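Written below as structure tokens is the structure these notes are about.
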Amino acid sequence: MATNIGMMDGAYFVGRSEILAWINSTLHLNISKVEEACTGAVQCQLMDAVHPGMVPMHKVNFDAKNEYEMIQNYKVLQDVFNKLKITKHIEVNKLIKGRALDNLEFMQWMKRYCDSVHGEHIHNYNPLERREACKGGKELSRRTAASQPATKTSAAVPKHATHTSRRTDATHSNTSNQSVKVSSRPSSSSGPSSSVYPEAERAKFEQQITELKLSVDNLEKERDFYFNKLRDIEILCQIPDIEKSPVMEAVKKILYASEDDGPVIAEAQAMISQHQVELLRVESEDNEEKSKTDSQKRKSIVNVDVDAAASNTLSPRQRLSENADVHCSGSPLVTY
């Protein structure tokens, strides 16, 4: 079971384009952004694809626009997770905000889970039929079908077309084929209109496109890697024992700063410096209190020493007088 997937797992290095292609091909959708899946309906249907009959599709709302409607979808998804004993935590408050990185991370986990758990069921799954029971499912399927490239429509030809139209179409087809052959054949002339894209130049462009695609994939992987690192730091900052410490507050200040806030490193450093000043002040007060206590102890010791020294410096007559007083006061036979 791929319910517990570490942040450094290869699943979290899958690019956004691959995730979108997987969603669209599995559910016959046409979404262009990962954040379009923030409603939770897509995740519910993906779970329905790998666990047929487990998801109550009549409770799923593909037309959810408000946050309370999205939360209902995630409640359905959480119920399915509980039934399947999936321990994955769904951060609903972040997902419904529609932030790309949060939704990408969750969809990466969904793909990893669907690929590892009963992936063969997806091939026999009919997403359009299952989506008809959902609220807004039929309208979504209709919009998706309308937005698909009209290849079948453009390729369809009326069966009872006239002989003239068929001959015209054939003429245009032959003309276009001949023009394509002429334009694709390298020409020996040096004129600008002799060849649009020679073979060498076309191969060069294809190589550049391939390199750009590889570059984009590497950038997406690098971006996701550093995002996961920041996510680990965020989880660390949420530990109850240290969440309220000034250092954690300064780190969260930097993590949650937006573009409009500008550089916040100076403010974060000021928070830590203020905390250090407060610690020094408390430490100084403690040292001062300790110094007063030590001074009082030293005074007490000095007074005891002074009394002892004073008793040692008495004259013999004074000592005899004190002894006589003690003797007289302590004897029961003395009369006055």
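The model shown is predicted, which means the values in this text are computed figures rather than measured ones.
A single hydrophobic cluster is not seen to contain both Tyr125 and Leu128; linkage of ILVMFWY side chains at heavy-atom distances under 4.5 Å, directly or through other members, places them apart. Under the 4.5 Å side-chain heavy-atom criterion for grouping Ile, Leu, Val, Met, Phe, Trp and Tyr, Met54 is connected to Ile90 within one hydrophobic cluster. In the hydrophobic clustering of this structure, Leu214 does not group with Leu212; members are Ile, Leu, Val, Met, Phe, Trp, Tyr whose side-chain heavy atoms approach within less than 4.5 Å, directly or through other members. Follow the hydrophobic side-chain contacts under 4.5 Å out from Tyr113 and you reach Trp22 in the same cluster. No continuous path of ILVMFWY side-chain contacts below 4.5 Å connects Met271 to Val247, so the two sit in separate hydrophobic clusters.
Going from atom CD of Glu132 over to atom CG of Asn126 covers 8.0 Å, rounded to the nearest 0.5 Å. Atom CD1 of Ile96 and atom CD of Glu91 lie 12.0 Å apart (nearest 0.5 Å). The distance from the CD atom of Glu129 to the CE atom of Met57 is 11.0 Å, given to the nearest 0.5 Å. The structure places SG of Cys114 at 9.0 Å from NZ of Lys111, a figure rounded to the nearest 0.5 Å. Residue Leu236 holds its CG atom at 4.5 Å from CD1 of Ile242, rounded to the nearest 0.5 Å. In this structure, Glu201 CD and Phe205 CZ are separated by 4.0 Å, a value rounded to the nearest 0.5 Å.
Side-chain contact between Gln108 and Leu104: present, with at least one pair of heavy atoms (C-beta onward) separated by less than 4.5 Å. No side-chain heavy atom of Phe225 sits under 4.5 Å from any side-chain heavy atom of Lys221. Taking the side chain as every heavy atom from C-beta outward, Met110 and Met47 approach each other to under 4.5 Å. Residues Asp102 and Phe227 have side chains in contact (heavy-atom distance under 4.5 Å, counting atoms from C-beta outward). A 4.5 Å side-chain heavy-atom check between Lys75 and Gln72 finds at least one atom pair inside the cut-off. Side-chain atoms of Arg143 and Leu140, non-hydrogen and from C-beta on, do get closer than 4.5 Å to each other. Side-chain contact between His51 and Val117: present, with at least one pair of heavy atoms (C-beta onward) separated by less than 4.5 Å. The closest side-chain heavy-atom distance from Leu101 to Arg223 is below 4.5 Å.
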- request: Please test Glu283 against Leu280 for side chain to side chain contact (heavy atoms under 4.5 Å, CB included), starting from the C-alpha separation and ending with a verdict.
  value: CA-CA 5 Å; Glu283 185 179 357; Leu280 291 175; 4.1 Å; yes
- request: Take Met107 and Val14 through the test side chain to side chain contact (heavy atoms under 4.5 Å, CB included) and record every step on the way to the result.
  value: CA-CA 10 Å; Met107 292 309 303; Val14 179; over 6 Å; no
query: What's the verdict on side chain to side chain contact (heavy atoms under 4.5 Å, CB included) for Glu139 and Phe62, showing C-alpha distance, side-chain angles and the deciding distance?
result: CA-CA 9 Å; Glu139 291 77 6; Phe62 273 91; over 6 Å; no
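Judged by distance alone, the side chain of Asn24 and the main-chain N or O of Ile31 form a donor-acceptor pair under 3.5 Å. With hydrogens and angles disregarded, a donor-acceptor distance shorter than 3.5 Å links the side chain of Asn73 to the backbone of Thr39. A distance-only check finds no donor-acceptor pair linking the side chain of Gln43 to the backbone of Tyr74 [under 3.5 Å]. With hydrogens and angles disregarded, no donor-acceptor distance shorter than 3.5 Å links the side chain of Asp48 to the backbone of Cys44. Under the 3.5 Å distance criterion, the side-chain polar atoms of Ser141 are matched with a main-chain donor or acceptor of Gly137. Formation of a donor-acceptor pair under 3.5 Å by the Thr210 side chain with backbone atoms of Glu206 is found in this model.
Surrounding NZ of Lys135 are at most 12 heavy atoms belonging to other residues, nucleotides or ligands under 6.0 Å away. Dense packing is recorded around CD of Glu285, with more than 12 heavy atoms of other residues, nucleotides or ligands lying under 6.0 Å away. Summarising the local packing, NZ of Lys252 is surrounded by more than 12 heavy atoms from other residues, nucleotides or ligands at distances under 6.0 Å.
Listed here is the closest heavy atom pair of Cys38 and Gly98: CB-CA, 4.0 Å. Contact between Arg16 and Ala100 at its shortest, heavy atoms only, is NH2-CB, 4.3 Å.
Of the charged side-chain nitrogens involved, at least one lies within less than 4.0 Å of a carboxylate oxygen, so that Arg231 and Glu234 count as a salt-bridged pair. Using a cut-off of 4.0 Å between Lys/Arg side-chain N and Asp/Glu carboxylate O, Glu35 and Lys97 are scored as not salt-bridged.
No hydrogens or angles considered: nothing links the side chains of Glu222 and Asn218 as a donor-acceptor pair under 3.5 Å. Using modelled atom types, one finds a donor on one side chain and an acceptor on the other under 3.5 Å when comparing Gln45 with Arg131. Of the N and O atoms on the side chains of Glu36 and Ser32, at least one donor lies less than 3.5 Å from an acceptor on the other residue. There is no side-chain donor-acceptor pair under 3.5 Å between Glu278 and Gln274.
For the pairing with Val42, the side chain to side chain contact (heavy atoms under 4.5 Å, CB included) check across Asn103, Leu29, Thr26 returns one residue only, Leu29.
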